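Because only heavy atoms are used, hydrogens play no part in the values below, and waters and symmetry mates are left out as well, while side chains stay in. Keep in mind the model is a prediction, meaning the values are calculated, not measured. Below, chain A is the first sequence line, B the second, and so on; all start at residue 1.
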Protein chains: 2
Amino acid sequence: MMQRWLTIGEASRRCGWSPRMLRYLEQEGLVVPGRSESGYRRYGIRELNQLNALAELRARFDVELAEVEFALRLRREPALSAAVETWLAGTSVPEAEQPAPAWVEWEQLKHERLLATPTAA
Amino acid sequence: MMQRWLTIGEASRRCGWSPRMLRYLEQEGLVVPGRSESGYRRYGIRELNQLNALAELRARFDVELAEVEFALRLRREPALSAAVETWLAGTSVPEAEQPAPAWVEWEQLKHERLLATPTAA
DNA sequence: TCAACCTTGACACGACTCTGATAGGGTTGG
DNA sequence: CCAACCCTATCAGAGTCGTGTCAAGGTTGA
C-alpha cells in the first residue's frame with residue numbers, strides 16, 4: 001500500500017505554508033495533524049484540504065487566524081454563539097421593532113428607566 | 001417631551017466604556033450612534049443595549065472586538081460566510097465520511113492525485 | 001461670558017499576533 | 001554512518017489592538 005501521509009516538509013511544499021506556520025497552526029488548534037510513533041507530524045488529504053481552505057480565506061477575504069479560531073469557538077460553544085446572536089440582533093434594524101430575545105427586552109426596560117432618571121451618577 | 005439621547009459623556013457614565021472607547025467602537029463599526037446637528041454623538045436605548053451586550057461578551061467569553069467585527073462581517077458577506085462554512089466542514093469529523101460541498105470534493109481529488117505523484121518538487 | 005462639555009487628530013505604550021531564524025537533539029533510509 | 005530530515009524551545013522583529021492622554025478648537029446653557 002502506498003504512503004498516505006506527508007511529513008511536515010512535504011506538506012509544506014504542497015500547500016504553501018512554511019513548516020514554521022504549520023506548527024503554529026497546529027498550536028492554535030486550526031489544523032492538527034496526527035503523529036507517527038516517533039512523534040513526526042503526519043499530514044493527510046484532510047489536513048491538506050484544511051490548509052488550502054485556510055489559505056484561501058486569508059488571501060481572498062483577509063481573514064485573520066484569530067477570526068477563524070473564533071468561528072471554531074462559535075461552533076463549539078453554544079452559549080457564546082447565543083450571546084453573539086443576541087448582540088447581532090441589536091445591530092441590524094434601526095427603526096423597525098421585531099421580536100427580540102427575552103433578556104434584551106428587560107435590558108431595554110432597565111435602560112428606559114435609567115434614561116428617565118435625572119442624570120445623577 | 002423628555003430628552004431621549006445621551007451625549008458621549010453621559011453614555012460613558014452609564015455603560016462603563018470610556019469616551020475614548022466609545023469613539024473607538026464607532027470607528028470600528030461596532031456601535032455607531034447618530035449625530036446631533038452640531039455633530040455631537042447621540043446615544044439612545046439601542047446603543048446602550050449594544051454597548052452592554054458587547055461588554056458582556058468581553059467579560060464572560062473573553063471575546064476580542066475583532067472577533068465581534070468578524071461576526072458582523074459573516075452576517076454581511078455571504079461569500080465569506082460560505083467560505084468559512086466550507087472550512088469548518090473539513091474540521092469536524094475525523095473518520096466518518098459525509099456529504100461535503102462540491103469544490104471540497106474536487107480539491108480532495110486533486111490532492112489524491114498529488115499524493116500519488118513521486119514527491120518531486 | 002465662561003465653565004463644562006463636545007469634536008477630530010495625534011502620539012504613546014503594553015500586550016499580543018504572525019513569522020523567520022537559530023540551537024540542541026532525535027529519526028530515517030540508503 | 002551520515003545527510004537530510006524531524007522534534008521542541010526560544011529569541012526577535014514588524015505589525016496590530018485596546019486604551020489613555022493631550023492639543024486645538026467648536027457648542028451649550030446658566
Distance-only donor-acceptor pairs under 3.5 Å for side chains of residues 77-84 of chain B, two or more places apart:
residue, atom, partner, partner atom, Å
E77(B), OE1, R73(B), NH2, 3.3
E77(B), OE2, R73(B), NE, 3.0

| field | Backbone N/O of L51(B) and side chain of W17(B): donor-acceptor pair under 3.5 Å | value | yes
| message | Nearest whole Å is fine: how far is dT8(C) C1' from Y24(B) OH? | response | 17 Å
| message | Reading DNA chain D from 5' to 3', where do the contacts with chain A start and stop? Cut-off is 4.0 Å to heavy atoms. | response | dC5(D) to dC17(D)
| message | Could you check whether any side-chain N or O of E28(B) sits under 3.5 Å from a backbone N or O of L25(B), counting only pairs where one atom can act as donor and the other as acceptor? | response | no
| field | hydrophobic_cluster_shared for Y24(B) and L57(B), side chain cutoff 4.5 Å | value | yes
| query | Between R41(B) and dC6(C), is there a side-chain N or O to OP1/OP2 distance below 4.0 Å? | reply | no
| request: May I have the distance from L54(A) (atom CG) to dT19(C) (atom C1'), rounded to whole angstrom? | output: 15 Å
| field | Any donor-acceptor pair under 3.5 Å from Q50(A) side chain to L30(A) backbone | value | yes
| task | Provide, to the nearest angstrom, the distance between the CD atom belonging to E64(B) and the P atom belonging to dT17(C). | result | 6 Å
| task | By nearest nucleotide on DNA chain C, pick out whichever of E67(A) and G39(B) is the more 5' one. | result | G39(B)
Under 3.5 Å, which protein N or O atoms sit close to an N or O of nucleotides 28-30 of chain C? Give each pair with its distance.
residue, atom, partner, partner atom, Å
dT28(C), OP1, S38(A), OG, 3.1

| dC16(C) P sits how many Å from E28(A) CD, rounded? | 13 Å
Show which side-chain atoms of residues 58-69 of chain A pair as donor or acceptor with protein atoms under 3.5 Å away, not counting sequence neighbours.
residue, atom, partner, partner atom, Å
R60(A), NH1, E56(A), OE2, 2.8
E67(A), OE1, E64(A), N, 2.9

| task | Check the distance between dC16(C)'s P and E69(A)'s CD and give it to me in whole angstrom. | result | 14 Å
| remark: To the nearest angstrom, the CG-C1' distance between L22(A) and dT19(C) comes to 12 Å
| field | Nearest-Å distance for atom pair CG/C1', residues L65(B) and dT17(C) | value | 16 Å
Polar pairs (N or O, both sides) under 3.5 Å between protein and nucleotides 9-13 of chain C?
none

| Nearest heavy atoms of A11(A) and L48(A), plus distance in Å | CB-CD2, 4.3 Å
| query | Residues in side-chain contact (heavy atoms from CB on, under 4.5 Å) with R76(A), at least two apart? | reply | L72(A)
| Salt-bridge criterion met for R14(B) and E47(B) (N-O under 4.0 Å) | no
| said: P33(B) and side-chain contact (heavy atoms from CB on, under 4.5 Å): which single residue from R23(B), E26(B), R46(B) fits? | reply: E26(B)
| note | Tightest non-hydrogen contact, residues I8(A) and P19(A), listed as CD1-O, 3.6 Å
| task | Give R42(B) one of three labels, base, sugar-phosphate or nothing, depending on what nucleic acid heavy atoms sit under 4.0 Å from its own. | result | nothing
| remark: Between CH2 of W5(A) and C1' of dT27(C) the distance, given in whole Å, is 19 Å
